[in-house]
There are 2 protein chains.
Amino acid sequence: MPQAAQPSPRGERTRGSILEAAEALFAERGFAETRLEDVAEAVGIRRASIVYYFRDKRELYDAVLADVFAGLRERIEPVLLAPGPLARRIPAAVGVWVDYVGERPSLARLLLREVADTAREGGPALLDHIQPFFHLAARVLDESRDDPLRADPRLDPVHVASTVAGSTVFFVAAMPALLPGRGFDPLGEAQLAAHRAEVLAITRRMLARPSARLADPGSP
Amino acid sequence: MPQAAQPSPRGERTRGSILEAAEALFAERGFAETRLEDVAEAVGIRRASIVYYFRDKRELYDAVLADVFAGLRERIEPVLLAPGPLARRIPAAVGVWVDYVGERPSLARLLLREVADTAREGGPALLDHIQPFFHLAARVLDESRDDPLRADPRLDPVHVASTVAGSTVFFVAAMPALLPGRGFDPLGEAQLAAHRAEVLAITRRMLARPSARLADPGSP
DNA sequence: GTCTATAGAGAGATAGAC
DNA sequence: GTCTATCTCTCTATAGAC
């Protein structure tokens with residue numbers, strides 16, 4: 001928001017358009033290769049106007065990440081906090097995840113890039129935006145102390161999440177590239193349904209027959 | 001190689017060092033954010049000297065990709081072409097894949113980035129480097145016409161490959177970021193073994209109970 | 001083969017008018 | 001709020017000496 005003043009309706013609309021255009025471009029090209037010029041053009045304004053809403057390029061990028069992850073959280077939180085056994089809630093959350101990525105495929109590419117950037121010294125901002133999901137997970141597990149799944153020491157939530165996230169995100173982003181020529185669309189009804197079924201099967205197997213918990217050298 | 005002349009031993013060594021440094025930096029930071037200056041510094045030479053070996057930045061990047069994927073192919077080809085049922089060769093190939101990524105984690109990040117770039121118009125060079133794997137797969141399937149797995153129309157090799165690749169690559173790159181603080185090392189003996197077991201279980205399930213083949217709108 | 005020096009493009013940030 | 005104009009920095013690519 002502009003200088004802590006109350007935003008005008010027009011301003012809110014412009015701001016939203018900038019976010020939308022930036023999300024698409026950052027996802028497609030990455031942070032460094034995206035020119036503010038292109039974002040402005042997509043919105044139909046001039047480059048300098050973007051600065052009115054976002055101090056600089058980095059802040060715009062952060063706002064995009066915040067927006068995308070907030071949307072995901074809004075969807076996942078209710079199904080994870082709903083009553084019922086974990087063995088039911090977790091697959092439900094996985095289904096919601098796949099559907100969300102299907103609707104907002106920018107998330108797939110943004111996440112792919114952020115994860116790849118992980119090794120950098122300065123480090124990406126990913127962690128800030130992922131943090132809420134850790135809190136959510138901690139809360140869910142804490143409130144389900146009696147759940148049989150919770151008791152199984154062989155089950156590593158982070159490992160499950162990594163597998164599910166990795167396969168979906170890769171599927172959505174990679175399939176079109178891997179099937180060259182044909183206009184393959186991983187986001188089509190049938191494709192996405194097939195993938196959802198596959199990921200759910202994987203999830204259920206992991207929950208039913210968890211492998212040894214990964215050693216966690218630093219845990220207290 | 002320099003101007004089609006026979007390379008001197010010293011030149012070959014320098015060229016190798018450049019490739020090695022470039023691989024690490026491109027993987028960590030991506031193409032756009034990697035400065036030739038840094039590659040040169042890592043090698044201990046000056047920026048201009050790189051041009052002696054690689055016409056420009058893009059060519060260097062391409063050489064890195066070619067090198068990394070060629071290494072993978074060298075490992076996977078023999079196990080896929082070995083005699084025996086597909087139900088045994090495929091898991092073996094998956095095991096080799098996980099081990100290779102463990103030894104050369106740059107591949108994980110490079111692949112993550114390339115896949116994310118897929119949506120770009122100009123398009124990344126990924127396809128050129130992946131092509132040999134398609135040929136390999138086609139050959140293997142062709143030579144296994146009698147294999148029971150081959151006959152199953154519900155089995156989609158690309159889908160299996162995408163799932164396996166996605167989960168491994170994400171695991172290797174994401175785990176250190178997702179487990180902040182502690183010095184988590186997904187490439188450690190135990191972690192990698194646990195992941196390999198997990199991916200193999202996933203693979204075997206997919207082979208044993210394949211889901212419906214994904215519709216392929218453009219296939220002949 | 002490797003270096004120094006420099007040219008030149010690209011793109012983000014800033015100042016200030018309307 | 002949005003624009004024009006400009007400043008400045010970074011980084012690639014090139015020319016040519018050693």
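The structure displayed is predicted, hence computed values, not measured ones.
- The B:K57 side chain lies nearest to D:dT12 when the options are D:dT12, D:dT2, C:dT2.
- With rounding to the nearest 0.5 Å, the separation of CG in A:D185 from CE in A:M175 is 11.5 Å.
- Side-chain rings of B:Y61 and B:F26 approach one another, their centers coming within less than 6.0 Å.
- Not one side-chain nitrogen or oxygen of A:R58 sits closer than 4.0 Å to the OP1 or OP2 atom of C:dG12.
- Here D:dC11 presents its P atom at 14 Å from CD1 of B:I50, a figure rounded to the nearest Å.
- Atoms OH (A:Y52) and C1' (C:dG12) sit 20 Å apart, rounded to a whole Å.
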Show each protein N/O and nucleotides 3-7 of chain C N/O combination with a separation under 3.5 Å, one pair to a line.
{"unit_1": "C:dC3", "atom_1": "OP2", "unit_2": "B:R46", "atom_2": "N", "d": "2.6"}
{"unit_1": "C:dC3", "atom_1": "OP2", "unit_2": "B:S49", "atom_2": "OG", "d": "2.6"}
{"unit_1": "C:dT4", "atom_1": "OP2", "unit_2": "B:R46", "atom_2": "NE", "d": "3.2"}

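- Atoms CZ and CZ, on B:R104 and B:R109 in that order, are 15.0 Å from each other to the nearest 0.5 Å.
- B:I18 has its CD1 atom 7 Å from the P atom of C:dT2, to the nearest Å.
- Crowding of A:E77 atom CD: a count of heavy atoms from other residues, nucleotides or ligands under 6.0 Å exceeding 12.
- The phosphate of D:dT2 (OP1 or OP2) has a side-chain N or O of A:T14 nearer than 4.0 angstrom.
- For B:Y53, no side-chain nitrogen or oxygen approaches OP1 or OP2 of C:dG1 to under 4.0 Å.
- Cation-pi contact between A:R15 and A:Y52: absent, since separation from the ring centre below 6.0 Å together with deviation from the ring axis within 45° is not met.
- Salt-bridge formation is not detected for the pair A:D62/A:R55: no Lys NZ or Arg NE/NH1/NH2 atom is positioned less than 4.0 Å from an Asp or Glu carboxylate oxygen.
- D:dC11 atom P lies 17 Å from atom CG of B:D56, rounded to whole Å.
- Rounded to whole Å, the distance from CZ on B:F54 to C1' on D:dT12 is 17 Å.
- Going from atom CZ of B:R196 over to atom CZ of B:F171 covers 11.0 Å, rounded to the nearest 0.5 Å.
- Applying a 4.0 Å cut-off to non-hydrogen atoms, none of the residues of residues 20-38 of chain A approaches DNA chain D.
- Checked for salt-bridge contact, B:R29 and B:D38 meet the test: a charged N lies under 4.0 Å from a carboxylate O.
- Classification of B:R75 and B:E103 as a salt-bridged pair holds, one side-chain N sitting under 4.0 Å from a carboxylate O.
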